[in-house]
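This report refers to the structure that appears directly beneath it.
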Amino acid sequence: MIARRRPPEPGPAPDRPPGWRPDASMSLLADLFAGRLLDPGYAEAAARRAAAGTPARPSRLRGTGVLAVLVLAGILVAAAGAEVRRSEPVAAEQRSRLIGEIRTRTTESDALERRVQDLRADTERLRAAALARSNEGEQARRELAAEAAAVAAAPAAGPGLVVTLDDAPREPGDDARAGARADEGRVYDQDLQVLVNGLWAAGATAIAINGLRLTPTTAVRTAGEAILVDYRPLTSPYTVTALGDPDRLADAFSGSAADRRLGALKDRFGMRYDRRRTGEARLPAAGSPRLRHARPARTAPPPDGPPAQQGRRR
């Protein structure tokens, strides 16, 4: 409960100096309305100079001082403007160089990723050929294939559902809108998160965004104005491909919370939100999973001996 402060108790009136007026605090407004704009101190000094016969200081010096201040301010403003104009080409050149370097590094990274995919496919073929030589090896190969599919470590293909999100088209006058309304029609990372979770809940077996395969630990986040999937930037439009039975996926996803949210964004802000079935889609493998920790399989203790000690593999 919030307590209120009590007003002070009324006491005896304080002593007032002779000539005190209750409206003394309003004297400044009264002087302004009466036209007495000159400060009393200045008026008294002017009266003393007039009585002593001292001529008033010429206003030329004051005018010269004001002019000097204005000239100095103009010089400073002109110098600042010239400095800004000189720095603009340098900043534009640096920005262009950074953009070019980012594109070069992205191209190199994509080439290395394709090389990794080729080497991984060769390794998988050699491993499958080696394991197929025995029944135990064939069983191990099937188990590895199932685990690889679960962590998106192997490519996947099949029918599915393709959902496309894109920013709302900009009108000529949109840039002049105030506040955050200029960005209301953009696709944000939360929209992709909602869509991906809705597709998983609808029964999707594998999902990729713009060709980037999602894993159980994939993060969809934003950095500035870019949307990242595992630190890889995406560009619109955002194409989300989900593998699974197209009819079942469409029926389960239609009317879900994700579908209602994206449909409301489309109706209110003009975002693009399209769905279509596909008979064949191919999703690449994700990056190699990182082993965080592992434990050896528990073994039965010997009949007549102490229980085997369980240790942690490094």
Side-chain angles (χ1 to χ4, degrees), residues 98-164 189 192-193 195-197 199-200 203-223 226-245 249 278-297 312-314:
L98 288 175
I99 292 175
E101 186 174 352
I102 290 172
R103 290 175 177 173
T104 301
R105 295 292 182 266
T106 302
T107 302
E108 295 175 355
S109 176
D110 293 341
L112 291 174
E113 183 65 26
R114 289 191 296 269
R115 178 62 175 164
V116 168
Q117 295 291 342
D118 295 340
L119 293 175
R120 186 179 296 166
D122 295 340
T123 302
E124 179 62 27
R125 284 193 296 267
L126 294 174
R127 182 172 59 187
L131 293 176
R133 297 173 184 173
S134 63
N135 294 333
E136 293 81 1
E138 184 64 24
Q139 179 65 24
R141 187 188 68 81
R142 288 194 294 266
E143 293 178 358
L144 286 174
E147 296 294 337
V151 298
L161 192 67
V162 179
V163 184
T164 302
D189 55 339
L192 289 176
Q193 293 170 5
L195 173 58
V196 168
N197 291 334
L199 291 174
W200 284 127
T205 58
I207 298 178
I209 303 178
N210 285 15
L212 296 178
R213 184 78 172 274
L214 303 186
T215 70
T217 59
T218 298
V220 180
R221 64 188 69 182
T222 183
I227 297 178
L228 308 180
V229 173
D230 278 346
Y231 303 104
R232 297 290 300 274
L234 303 180
T235 57
S236 60
Y238 307 98
T239 302
V240 181
T241 305
L243 297 186
D245 184 88
L249 278 177
T278 179
E280 183 65 21
R282 296 183 178 274
L283 305 185
S288 300
R290 296 180 180 180
L291 183 63
R292 300 179 183 273
H293 63 272
R295 292 180 180 273
R312 184 186 293 271
R313 294 177 59 188
R314 294 185 177 179

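Minimum heavy-atom separation, L228 to A223: CD1-CB, 3.7 Å. Scanning all heavy atoms of the two residues, the minimum distance from T215 to A152 falls at CG2-CB, 3.8 Å. The two residues L234 and L212 make their nearest non-hydrogen contact at CD2-CD1, 3.5 Å. The two residues A285 and P155 make their nearest non-hydrogen contact at CB-N, 3.7 Å.
With values rounded to the nearest 0.5 angstrom, R114 atom CZ is found 13.0 Å from L119 atom CG.
Every residue meeting the salt bridge (charged side-chain N to carboxylate O under 4.0 Å, His left out) condition with D122, not counting sequence neighbours, appears here in chain and number order: R125. Scanning for side chain to side chain contact (heavy atoms under 4.5 Å, CB included) contacts around R103 gives I99, with sequence neighbours left out. The side chain to side chain contact (heavy atoms under 4.5 Å, CB included) test applied to A206 returns A156, R213, L243, L283, not counting sequence neighbours.
Each side chain to side chain donor-acceptor pair (under 3.5 Å) pair with one or both residues in residues 232-243, not counting sequence neighbours, appears once here: D110-R232. Screening residues 126-143 for side chain to side chain donor-acceptor pair (under 3.5 Å) gives E124-R127, E138-R141, Q139-R142, Q139-E143 as the qualifying pairs, with residues at least two apart or on separate chains.
Screening N210, L214, L199 for a side chain to side chain contact (heavy atoms under 4.5 Å, CB included) with V240, the sole residue that qualifies is L199.
Contact annotation: the side chain of T218 never approaches that of V196 to less than 4.5 Å [non-hydrogen atoms, C-beta and beyond].
Using a distance-only test at 3.5 Å, with no hydrogens or angles considered, no donor-acceptor pair links the side chain of S109 to the main chain of R105.
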